[in-house]
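Heads up: the structure comes next, in structure tokens.
For reference, positions follow the sequence shown, starting with 1. Note that the coordinates shown come from a computational prediction; the quantities given were computed from them, not determined experimentally.
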Amino acid sequence: MALSARWSDLSRRVISALVLLGIGAALALSEGWALWIGVSLFIAVTFWELARMTAWSAACTDARDPAQIFAQNIPVVLAMIAGGALLAALTQPPGWALVVLALPVIAALPCAEHRDRLSFTLFGLAIMAVGYELVHLRQEYGLPFILWLMGVVFLSDVLGYFAGRLLGGPKFWPRLSPKKTWSGTIAGWIGAALLGFVLWLAGHAEPVLIVISPLVAFAGQLGDIAESWLKRRAGVKDSSNLIPGHGGFMDRFDAVAGAVLAVMALSWVMGLPQVGL
């Protein structure tokens, strides 16, 4: 492979990383209603992208019926429902919050094509859960925990990219992610573990973070692969063109979503370690 071809997407990856860091930092530094509204807007946009990548029944998209405002604008309406549902869920006890978070998925299912119902349901529920959990983690565990989480995803992506390009080798899952290699994947795990080790060595975290960090990094990598599968199924290159030349919000935050879901699962199994400054 020629050197220029090997690094042809480096500028794209740098801009993507800056977008991720910029939006992530803005949300991480927010508190109270600013945090709630910011995350809800982000989730609304992400849900809009999901809806645009999903096929809809012709019975629900009859443009000749002016009364079917919902059907004619499904992605936009679902985005509004998703953002509003997340805001409402954040004001409810956990039991009711779960019901409210499912509302945008339930509202869309009657119009979803049979082949897309399961994928739309899983991705839709995951998006809502990620938004809710991000707010919960920021409020309950503080800014240092969020910075660690973002750091794990960032290091895994950056080290995985450079190791994959420099070392090459067997592909991790060529059918879904043709460029992802085992060398890059493992480099991401090592980078995440080193971050946990440095935080523990500096006295800012418990030693269990050394083990948890690569697990979270792996979940982030799977989040990236899951979105690649969804885009291939939908026959699109990017989730949207909201970031000109660099895709959509889902393209930039798929790994964060996977990492957040992993942290949520770990909290059920063993509880989460404290991360301090």
Side-chain angles (χ1 to χ4, degrees), residues 12 15-30 32-56 69-90 97 100-108 111-112 116 119-138 146 149-150 153-154 157 220 223-224 226-231 233-234 236-261:
R12 178 188 179 99
I15 294 177
S16 297
L18 292 176
V19 170
L20 187 153
L21 288 174
I23 298 177
L27 293 177
L29 293 172
S30 302
W33 277 100
L35 173 66
W36 291 20
I37 293 173
V39 174
S40 296
L41 288 173
F42 168 73
I43 290 302
V45 173
T46 307
F47 216 95
W48 172 76
E49 292 179 338
L50 173 67
R52 290 178 72 249
M53 289 192 289
T54 309
W56 301 95
I69 298 177
F70 172 83
Q72 295 171 26
N73 301 278
I74 285 177
V76 175
V77 174
L78 287 180
M80 296 171 63
I81 294 174
L86 180 56
L87 269 179
L90 291 170
V100 176
L101 289 173
L103 287 179
V105 174
I106 295 172
C111 292
D116 285 327
S119 57
F120 173 79
T121 299
L122 293 177
F123 278 86
L125 292 176
I127 288 171
M128 298 303 294
V130 166
Y132 186 83
E133 186 68 7
L134 273 174
V135 174
H136 168 73
L137 291 173
R138 176 64 177 88
I146 296 295
L149 182 63
M150 295 295 178
V153 174
F154 179 76
D157 183 64
D224 180 46
E227 202 231 353
S228 294
W229 172 84
L230 182 65
K231 290 189 293 186
R233 182 180 176 85
V236 297
K237 182 176 182 291
D238 299 311
S239 59
S240 75
N241 60 354
L242 289 178
I243 307 173
H246 300 277
F249 278 43
M250 284 185 72
D251 299 321
R252 307 284 71 83
F253 284 86
D254 46 11
V256 173
V260 170
L261 292 175

Practice problem: List the steps, then state whether side-chain contact (heavy atoms from CB on, under 4.5 Å) holds for L50 with L230. | Solution: CA-CA 9 Å; L50 173 67; L230 182 65; 3.7 Å; yes
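Considering only residues two or more places apart in sequence or on other chains, E49 meets the salt bridge (Lys or Arg N to Asp or Glu O under 4.0 Å) condition with none of them. L103 is linked by a side-chain contact (heavy atoms from CB on, under 4.5 Å) to V100, counting only residues two or more places apart in sequence or in another chain. Legend: residues meeting side-chain contact (heavy atoms from CB on, under 4.5 Å) with A234, ordered by chain and number and at least two apart, are M53, V236. Looking at residues two or more places apart in sequence or on another chain, you find no ring-ring contact (aromatic ring centres under 6.0 Å, His included) involving F123. Considering only residues two or more places apart in sequence or on other chains, L122 meets the side-chain contact (heavy atoms from CB on, under 4.5 Å) condition with L118. In this structure, the side-chain contact (heavy atoms from CB on, under 4.5 Å) partners of L125, at least two apart in sequence or on a different chain, are A102, V105, T121.
Separation of atoms OG (S240) and CE (M250) is listed at 9.5 Å; rounding is to 0.5 Å. The distance from atom CZ of F249 to atom CG of L41, rounded to the nearest 0.5 Å, is 9.5 Å. Rounded to the nearest 0.5 angstrom, L87 CG and W33 CH2 are separated by 6.0 Å. Atom CD1 of I37 is separated from atom CG of L86 by 11.0 Å, given to the nearest 0.5 angstrom. For the atom pair CD1 of I43 and CD1 of I127, the computed distance is 6.5 Å after rounding to the nearest 0.5 Å.
Judged by distance alone, with hydrogens and angles left aside, the side-chain atoms of D224 form no donor-acceptor pair with the main-chain N or O of A255 at under 3.5 Å.
Residue pairs meeting the side-chain hydrogen bond (donor to acceptor under 3.5 Å, both in side chains) criterion with at least one member in residues 34-46, sequence neighbours excluded, are W36-Q139.
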